[in-house]
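Presented below is the structure to which this report refers.
FYI, the numbering just counts along the sequence from 1.
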Amino acid sequence: MDFFQRKTTWTNAEFIWLKLSVASAFLIIGAQYADFFSKYFQWIFIVFALSVIRAVFLWIKKMDAPKK
């Protein structure tokens, strides 16, 4: 399976979803250790889940697109 060897191009608007998912994952990890973020754990997790789903959807869509 050449899943990690495929080359794709990303626009900045599409790359935001990947950055958002990584950033929210770090906030989830930080929420386990900080009282300030623990109040917002559910909202941070929702943002994380939505951004991961969107980023994976965009990644799969780009991989399946025919080369021009």
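If you take OG on S51 and CG on L18, they are separated by 9.0 Å, rounding to the nearest 0.5 Å. Taking CG of L58 as the reference point, atom CD1 of I53 lies at 12.0 Å (rounded to 0.5 Å). The CZ atom of F48 sits 12.0 Å away from the CD1 atom of I44 when rounded to the nearest 0.5 Å.
In the hydrophobic clustering, F26 connects to V22, either directly or through intervening members, whenever side-chain heavy atoms lie under 4.5 Å apart. If you chain together ILVMFWY residues whose side-chain heavy atoms come under 4.5 Å of each other, W43 ends up grouped with I46, L50.
With sequence neighbours excluded, the residues satisfying salt bridge (Lys or Arg N to Asp or Glu O under 4.0 Å) with K62 are E14.
The two residues V52 and S21 come nearest to each other via the heavy atoms CG2-CB, 3.5 Å.
Between F41 and F45, the ring planes are parallel. Angles under 30° get that label, and only those over 60° would be called perpendicular.
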